[in-house]
Amino acid sequence: MGASDSKLVFKQGIFKLSENKQIPATDAYWASFWELPESSDDVFSLFSPSDIRRIRDDSLRNLETLILAVTSRLYQLRHNPDFPNWDTAPERHALNCIRVLTRLLPYIYEAEYLEDWEDEFFWSTRRRLIKKEKTNHGDMVVDEPTAEEDNHTTQEHKPEDYEDVKPLGEELIDTLVDLLFFNDFTILRTEADKPKVSYSIWQSGVGCNTAVGSSQDIESRRMEILRLLLTLSSKSMYTPANILPVQGVKAITYLTTLEEKQIVLTLLCSLLNTALKYNPATWRVPYDHMVFKDTKQVFVTYCLQLLLVLVLYPVPDPANGIPPKNSFRHFLGKLHRPQDFQFLVDGMTRILNQPLQATTSILPGSQKSLTWAPEMIMLFWEVLQCNKRFRSFIVDTDRAHDFVVLILFHAISNRHDPSKQGIVRMCIFVLQTLSVEEGFGDRLNKMFQGQETLPPAIRVPNFHGTYADFLIINIYTLITSGKGKLDAIYPALLAIVSNVAPHVSELSGAACSKLLQLFNTMSSPSFILANETNHELLRSLLEGMNAIIDHQYESNPTFTYAVVRSQKRFHALRDFIEEGGQSELDNIAAARKQAEEETRIRSPLMRQSMESMRSPTRRPPSLRDVPEEGGNFSIGEDDSDDEGTETRSTPAPSISSRNHSRAPSIASIAETVEDAVPLQLRGMSEKARGKLPAGQDTFSRHSSSASLSSLAITTTQSYPGMFEPDFDWMLTWLPDLPMQTILTLIDQLNTKLPPHVIGSASACIQAIRRTEIQDLERSPVRVHLFEWSPLSLGWYESLLWSFIFSFEVQTAKGGPGVWKGTQIRLFKVHEMAPQGPTFMAPQGAVDAVGSTLLSKMQGLNLRGLQQSVTEAIGNQPMRTRDMG
């Protein structure tokens, strides 16, 4: 449809849809929607958002008929023995039907008032004519007549002429899945006697040793089908995050509960192998990404995104009965062959390593970092959670070291970007998932070689240590340099430390110093009393430090020396516990009373500032004046390696202040969902963990969150002026702080170590090696797990769909994308101001001429009205912000 007159005809046909007159289903007019367009751009540019919304709101019957017409035509083509045939069943007709549906569906999903209609139209059982109506444009399958046509239709057809068929949504999904494996359409031509639909895995890898072959045209067709499947599933984008995991999406539910094992395995392996087989390091010209568009990357990204939509989807619990299992997740968890695991690991590390290589390239900007590395991290996390054999494989083969470094790189490099906080949180939970695996902590004691080759973002100056040292130092960096954006995952970071603590040996002085600096800040009253949950962080850190002493005392003299050097802090915390924090509460009460007195005499303008005195931010002198062995830090501030800096302890911001200070980002509508990361559980002993029911998934997503109330470390919201610590509240947790192990260690070493050696680090460390500690009550090794809740699953799904939305916007490059401009409710989208000319995008005279021609074409008037060929979206680039 290259000629302008054909475009005008197609545009006029679109305008005709919005007229009040209902067009009969058998009218030849409907054939123009699959006969006229020649490309996807034709459909997306001429079907403007204003056109679709006008048709939807003013002529819903015509919209129904259009959807039925294109789906019926697609169904016919799939079952036509000649398809694809240029004369009788052209492949262009199928592609145009797919494009029209891709364009329309998001605008149906965004209309809340159409939810009941959508459910009835797509997901209720239908009646269809057994015989087909012949037209000049192919067979037209006619569904049960509407009420308006009932009187006319019943005169022509009897009730027995109709048959009950699947709901329209299910039939459409079945047709699309078949078309993904259709001979001479999405699969290379095979022998004529073979069936048209051949469930053959696209790429070699898992479940297949030989690829079926492919071409650019075949991958382009697959890509359009995958995009429509993603669009069908994108009902998720128009559902609030706190409702999505409970309500689910019927299209995804149907896909993930398919009973045909062959279809599930073929689709699973095709998507998985295609995503992991891609090699971004193949030879290419530097800066080629600025000239050419890599369609292969787009195809691979769609494969990975659809795979993630299917694998991580939690099938909603039915009103009664056992919830059906997610077949894709089930079979992914059944992988067991070492060669399959090796294929997974190689493909994942290849993709995750590419941004590191792009960062360290000799020619700056010559390589473009892959934008879908976060999706690959998500896939790695999914396989970790659902496949215990895979977890064991990467630990036993030491490939876990590679993933620790790669994931820390993505977390550290994105920690200051407000739009990437969701990625950082996900990375931390991936590390926690790894840390619970048996043997992971022991493997971290291997020396880290080649650290100097890492990008500057995660390179530790003058580092000579183990992977355990590297992990602890970077955890310290994440906590201290997050600027308050990452405090929702402080429990997960400290859980990682607690999980590896019983296994690490010969910790370096730098790692020990970081642990003690964390303790110095977290043990200060200003931090403990800042909100209702900070004491849990102190408890978690103390449990990790105790685990080192209980299980690795002999092999960690440097850590023991650091504890002895900081004994004044531990004694100050002991005194704080013994007096129940009464002096600190008295200081808070005095400050509050003073604030109230001053409020009476100050002007109303100053009253608001005095209200801030109600929060316990004043540091009492009991711990404030304790001298430190080395510099401290402030949680939420940039870290400093200067050992001579003055101690600065500030309270962690409350959840309320954190939410108000955070930059806008892709986030859930409800604030409760923004920080709804998976719940941290109290440490579980390995013996208790071994008593779990056989086959129970460690990271189950179907466990009742209500049963975790006694175990979960909750994150209650605190608001300035509302939280006031009192003596009764402190008694609920203060006596249970695990201080006995460290205090016993300090007391015994003070009596056994000669006084003259304590001042010398090397002499003291050697003396500690020879000193045996007695009467220690060794605690059992505990594993700190997390548990999914409906809210945290909502956060997780919104994170995935924000990746999908962001990629589609980038792929469209300012054009009309699939979801751009629609009313998304799963996360927030912020449109950024347009950028001026740059070296990479000069926007010169050629661009000006092109923009002028485009504006004239858009201003084309077809009906005497001021309507444009495409909606005036503008050329403003859109920047998406990830889950906050």
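When a residue number appears, it is its place in the shown sequence, counting from 1. Nothing here was measured: the structure is a model prediction, and the numbers come from that model.
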Show which side-chain atoms of residues 204-211 pair as donor or acceptor with protein atoms under 3.5 Å away, not counting sequence neighbours.
from, atom 1, to, atom 2, distance (Å)
Ser204, OG, Lys277, NZ, 3.0

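Side-chain contact of Thr301 with Trp372: a donor-acceptor pair under 3.5 Å is present, judged by distance alone.
In this structure the side chain of Val504 reaches within 4.5 angstrom of the side chain of Asn445, judged on heavy atoms. At least one side-chain heavy atom of Val345 sits under 4.5 Å from a side-chain heavy atom of Phe403. In this structure, Phe390 and Leu335 have side chains that are not in contact, with every pair of non-hydrogen atoms separated by 4.5 Å or more. For the pair Ile351/Leu304, no side-chain contact is recorded, criterion being any heavy-atom separation below 4.5 Å from C-beta on.
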Verdict with reasoning, Thr239 to Tyr109, per side chain to side chain donor-acceptor pair (under 3.5 Å): CA-CA 9 Å; Thr239 307; Tyr109 291 156; over 6 Å; no

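The two residues Val309 and Trp801 have their closest heavy-atom pair at CG2-CZ2, 3.8 Å. The heavy-atom pair separating Ile458 from Gln451 by the smallest distance is O-OE1, 3.7 Å.
Using bins of under 30°, 30° to 60° and over 60° for the plane-to-plane angle, the ring pair Phe463/Phe470 lands in the perpendicular bin. Ring-plane geometry between Trp788 and Trp381 is classed as tilted, the angle between the planes lying from 30 to 60 degrees on a 0 to 90 degree scale. The aromatic rings of Phe807 and Tyr302 sit perpendicular, their planes meeting at an angle over 60°, well past the 30° parallel limit.
Under the 3.5 Å distance criterion, the side-chain polar atoms of Ser270 are left unmatched by any main-chain donor or acceptor of Leu267. Within the 3.5 Å criterion, the main-chain N or O of His784 finds a donor-acceptor partner in the side chain of Gln432. Without hydrogens or angle criteria, Tyr278 side chain to Phe299 main chain gives no donor-acceptor distance under 3.5 Å. Formation of a donor-acceptor pair under 3.5 Å by the Ser234 side chain with backbone atoms of Met237 is not found in this model. In this structure a side-chain-to-backbone donor-acceptor pair under 3.5 Å is present from Gln421 to Arg415. In terms of modelled atom types and a separation under 3.5 Å, the side chain of Arg459 and the main chain of Leu454 share a donor-acceptor contact.
For CD of Gln216, the number of neighbouring non-hydrogen atoms (other residues, nucleotides, ligands) closer than 6.0 Å is 12 at most.
Applying the side chain to side chain contact (heavy atoms under 4.5 Å, CB included) test to His336 and every residue at least two apart in sequence or in another chain returns Arg389.
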